[in-house]
A.B. asks: 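I'd like to ask you about the structure that follows.
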Amino acid sequence: ILYALSYCKMAVTFCKYLPQLLLNYRRRSTVGWPIDNILLDFTGGALSTLQLILDCANQNDWSGISGDVVKFGLGVTSMVFDVLFLVQHYVLYRPVPAGTS
């Protein structure tokens, strides 16, 4: 049952990010949407994944990644969506400075 719940969490995580990504795409804007949480989320995903990799390297046993696919998947999914949000916010739809059109 724990494995089923972990896969449910993975699905919820995917469903949590996708609507905002699509909304930003449709609006062609991220105005009014704070990027701060995304930066924190990216940091958390990177540190979680790094911890998993360092633990495996320290024990010289890489089954920690294959044995906990969802933890690794959550970190990677989080970072992928966060990078997409960062690209939307800072590259594709960056705010226009005041006074310019």
Side-chain angles (χ1 to χ4, degrees):
I1 191 157
L2 289 178
Y3 286 114
L5 289 175
S6 65
Y7 283 105
C8 286
K9 182 175 181 179
M10 184 71 150
V12 167
T13 298
F14 187 80
C15 292
K16 173 178 77 169
Y17 291 117
L18 195 58
Q20 185 65 52
L21 190 73
L22 293 175
L23 180 67
N24 293 347
Y25 172 75
R26 287 187 192 123
R27 290 177 50 218
R28 302 271 194 261
S29 172
T30 60
V31 172
W33 181 65
I35 197 72
D36 303 345
N37 289 338
I38 296 303
L39 295 170
L40 292 172
D41 192 47
F42 181 82
T43 303
L47 291 175
S48 175
T49 304
L50 180 64
Q51 178 191 16
L52 189 60
I53 291 170
L54 289 176
D55 284 344
C56 290
N58 186 37
Q59 297 172 3
N60 202 19
D61 178 17
W62 295 95
S63 66
I65 292 176
S66 61
D68 199 355
V69 176
V70 175
K71 180 177 180 179
F72 185 72
L74 284 170
V76 171
T77 301
S78 172
M79 289 189 303
V80 167
F81 273 103
D82 291 339
V83 166
L84 292 172
F85 287 134
L86 290 169
V87 167
Q88 283 184 331
H89 188 75
Y90 290 113
V91 178
L92 298 176
Y93 317 129
R94 66 182 146 181
V96 178
T100 61
S101 43

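Bear in mind the structure is a predicted one, so any value in this text is a computation, not a measurement.
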A.B. asks: V76 and T49: which non-hydrogen atoms are nearest, and at how many Å?
C.D. replies: N-OG1, 4.1 Å
A.B. asks: Can you get from M79 to L50 by hopping between Ile, Leu, Val, Met, Phe, Trp and Tyr side chains that sit under 4.5 Å apart?
C.D. replies: no
A.B. asks: Could you check whether atom NZ of K16 has more than 12 heavy atoms from other residues, nucleotides or ligands sitting under 6.0 Å from it?
C.D. replies: yes
A.B. asks: According to a 4.5 Å side-chain heavy-atom criterion applied to Ile, Leu, Val, Met, Phe, Trp and Tyr, with indirect links allowed, do Y90 and V31 form part of one hydrophobic cluster?
C.D. replies: no
A.B. asks: Stepwise, does the side-chain contact (heavy atoms from CB on, under 4.5 Å) test hold for D36 with L40?
C.D. replies: CA-CA 6 Å; D36 303 345; L40 292 172; 5.5 Å; no
A.B. asks: Can you list every pair that meets ring pair (Phe, Tyr, Trp, His ring centres under 6.0 Å) and has a residue in residues 33-54, with sequence neighbours left out?
C.D. replies: W33-F85
A.B. asks: Listing request: all ring pair (Phe, Tyr, Trp, His ring centres under 6.0 Å) pairs with a residue in residues 62-84, at least two apart in sequence or in separate chains.
C.D. replies: F14-F81, Y17-F81
A.B. asks: Can you tell me if CZ on R27 sees more than 12 non-hydrogen neighbours from other groups inside 6.0 Å?
C.D. replies: yes
A.B. asks: Please name the pair of heavy atoms, one in K71 and one in S48, separated by the smallest distance, quoted to 0.1 Å.
C.D. replies: CE-OG, 3.5 Å
A.B. asks: Group every Ile, Leu, Val, Met, Phe, Trp and Tyr by side-chain heavy-atom contacts under 4.5 Å, then state whether L47 and L52 land in the same group.
C.D. replies: no
A.B. asks: So, taking the atom named CG in L23 and the one named CG in L18, what distance separates them when rounded to the nearest 0.5 Å?
C.D. replies: 11.0 Å
A.B. asks: Kindly indicate, with the supporting measurements, whether the criterion side-chain hydrogen bond (donor to acceptor under 3.5 Å, both in side chains) is fulfilled by D55 and Q59.
C.D. replies: CA-CA 6 Å; D55 284 344; Q59 297 172 3; 5.7 Å; no
A.B. asks: Would a hydrophobic clustering, with Ile, Leu, Val, Met, Phe, Trp and Tyr connected at side-chain separations under 4.5 Å, put L22 with L84?
C.D. replies: yes
A.B. asks: Does Y7 belong to the same Ile/Leu/Val/Met/Phe/Trp/Tyr cluster as L74, with side-chain heavy atoms less than 4.5 Å apart forming each link?
C.D. replies: yes
A.B. asks: Please tell me if the side chains of T30 and L92 come closer than 4.5 Å, counting only heavy atoms from C-beta onward.
C.D. replies: no
A.B. asks: Restricting to non-hydrogen atoms, name the atom on S78 and the atom on G45 that form the minimum distance, rounded to 0.1 Å.
C.D. replies: OG-CA, 4.5 Å
A.B. asks: Report yes if some heavy atom in the side chain of Q20 is under 4.5 Å from a heavy atom in the side chain of Q88; otherwise report no.
C.D. replies: no
